Amino acid sequence: MRNDVPAERLPREEFLKKQRARLELYFSLTANEHEAREQFEKLALDTYDQLASIERYISPFSIEAESAFNFANAGENHRKCISLGLLRRWQAWKGSYQGLLDRNPRLALYDLMHGIGETHSSSSWPYGLEPAISDWIDSGQREPMPFDDRRAVVTPAFYERLRLARREAAGFLYWRDGREPGVTFLPEADWQREKARQEEERAARIRQAEQLRNSAERFQTRMAEILAEAQKDTVFWEALRIWEMARESQRPNSTFPDRRDRLVGPIAIARSAENPDAKGSDPDAIPLDTLLADAVERIRQSEDGQMGLTIALTVAILRGAMRRELAFDDVLVWPAGPSLGEGRL
């Protein structure tokens, strides 16, 4: 809810639909709380009616007593816009909220997990951390925490309430993705299976990330090896210097009038030369001057292509380094000029 910027007022029917969806998510975690649900829905709708009469923008209200979106916690500028009687009803709801939690362990667990989400990342739920939090609760050790307690809310008392709620709920809550996302309760046996599934998925993501990191490091190392091997061959390196200077001498004075419309850098140009969008194209089938063809034949290893180091990229690495030595710019090709690996015109 906000009243500091102009906004189109949410129609009453649409507000009620959204408010009911929020209550459905919350009360789906428990049973026999129809009266509490109807009480809060009436409270929210009456508040909407009073705020809407003065053209205030209203969004659905949170049921949690400490939430910033619970109207009982609104600032003075908001609270003075409703009647005293309605404000007292909000205060009474906030005062009775603990009783709702005391008789519903799942709701108590939900409320505490919501608090963890808020202290960890100012979000309504600690998404993806449920397995770690479950193990942390079961460990009986408050320190270390598997999340950031930025608001310092996880006191010993908070932790004990969390352990009690977990025991009494005889299961756990987690955020379910999919067609109908939301917080879901699972009995203990089902939760242990779900936790194992999430942990395996997380382990697979870690393994994949490690493989990608290793591949990237190997790619960078191999590029350096290619360049070092080429530069070590002083005969070839001097020949490439002469080749590059001869090619540059044939370059038009105005190659790219608008530099914003072209690829920049040797690797970008090499990728363009590979033409990966052409069906059936071979990224290594590019025209090469004999000087470069012989060098590539000597330097390249069988696994280079597997890691993405194509012939075009190999040529771009060598030519890019030479052009830097010659204080040339990064233009390796130009319109109607020779391809990446061909000689002068």
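None of these values were measured; they are calculated from a predicted model.
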Do NZ/NE/NH1/NH2 and the carboxylate oxygens of [X] and [Y] come within less than 4.0 Å?
X    : Y    : answer
E168 : R106 : no
E200 : R207 : yes
R12  : D49  : yes
E248 : R251 : yes

Count the heavy atoms belonging to other residues, nucleotides or ligands that lie under 6.0 Å from CD of Q208, then report whether that count exceeds 12. no
Taking only residues two or more places apart in sequence or in another chain, which ones pass side-chain contact (heavy atoms from CB on, under 4.5 Å) with R161? L112, A157, F158
Say you draw a straight line from [atom1] of [X] to [atom2] of [Y]; how long is it, rounded to the nearest 0.5 Å?
X    : Y    : atom1 : atom2 : result
I311 : L292 : CD1   : CG    : 11.0 Å
I286 : E342 : CD1   : CD    : 9.0 Å
L164 : I137 : CG    : CD1   : 11.0 Å
E188 : S134 : CD    : OG    : 6.5 Å
N73  : Q91  : CG    : CD    : 10.0 Å
K232 : W237 : NZ    : CH2   : 13.5 Å

For residues 185-217, which residue pairs pass the ring-ring contact (aromatic ring centres under 6.0 Å, His included) check, not counting sequence neighbours? F172-W191
Here the ring-ring contact (aromatic ring centres under 6.0 Å, His included) pairs for residues 290-313, sequence neighbours left out, are none
Which residues satisfy the side-chain hydrogen bond (donor to acceptor under 3.5 Å, both in side chains) test with [X], sequence neighbours excluded?
X    : answer
R222 : E225, D304
W136 : none
E210 : R213

Partners meeting salt bridge (charged side-chain N to carboxylate O under 4.0 Å, His left out) with [X] (sequence neighbours left out):
X    : result
D148 : R150
R197 : E194, E201
R193 : D190
D46  : K42, R89

Do [X] side-chain atoms and [Y] backbone N/O form a donor-acceptor pair below 3.5 Å?
X    : Y    : value
Y159 : Q141 : yes
S28  : L25  : yes
D149 : V153 : yes
T119 : G115 : no
R142 : V154 : yes
T30  : F27  : no
S96  : W93  : yes
N70  : F61  : no
R79  : A74  : yes
Q50  : S83  : yes

Please find the pair of heavy atoms, one from [X] and one from [Y], that lie closest to each other, and give the distance.
X    : Y    : answer
L51  : C81  : CD2-CB, 3.8 Å
A65  : K94  : O-CE, 3.6 Å
K195 : P131 : CG-CB, 3.6 Å
L227 : A321 : CD1-CB, 3.4 Å
R319 : R247 : NH2-NE, 3.1 Å

Might you work through the side-chain contact (heavy atoms from CB on, under 4.5 Å) test for D233 and I299, ending with a clear yes or no? CA-CA 11 Å; D233 186 343; I299 295 172; over 6 Å; no
Decide whether a cation-pi geometry holds between R323 and W243; the criteria are a distance under 6.0 Å from NZ or CZ to the six-membered ring centre and an angle within 45° of the ring axis. no
Identify whether L23 and L16 are in the same connected component of the hydrophobic contact network (ILVMFWY, side-chain heavy atoms under 4.5 Å). yes
W90 with L100, same ILVMFWY side-chain cluster at under 4.5 Å: yes
Pairs in or reaching into residues 19-29: which pass salt bridge (Lys or Arg N to Asp or Glu O under 4.0 Å), with residues at least two apart or in two chains? R20-E41, E24-R37
Restricting to pairs with a member in residues 151-160, which pass salt bridge (Lys or Arg N to Asp or Glu O under 4.0 Å), not counting sequence neighbours? E118-R151, E160-R163
Does any donor atom in the side chain of Y110 or N104 lie under 3.5 Å from an acceptor atom in the other side chain? no
Centre-to-centre under 6.0 Å for W125 and Y174, is that the case here? no
Does the side chain of R218 come within less than 4.5 Å of E303's, by heavy atoms? yes
If you define the side chain from C-beta out and look only at heavy atoms, does anything of W175 sit under 4.5 Å from T184? no
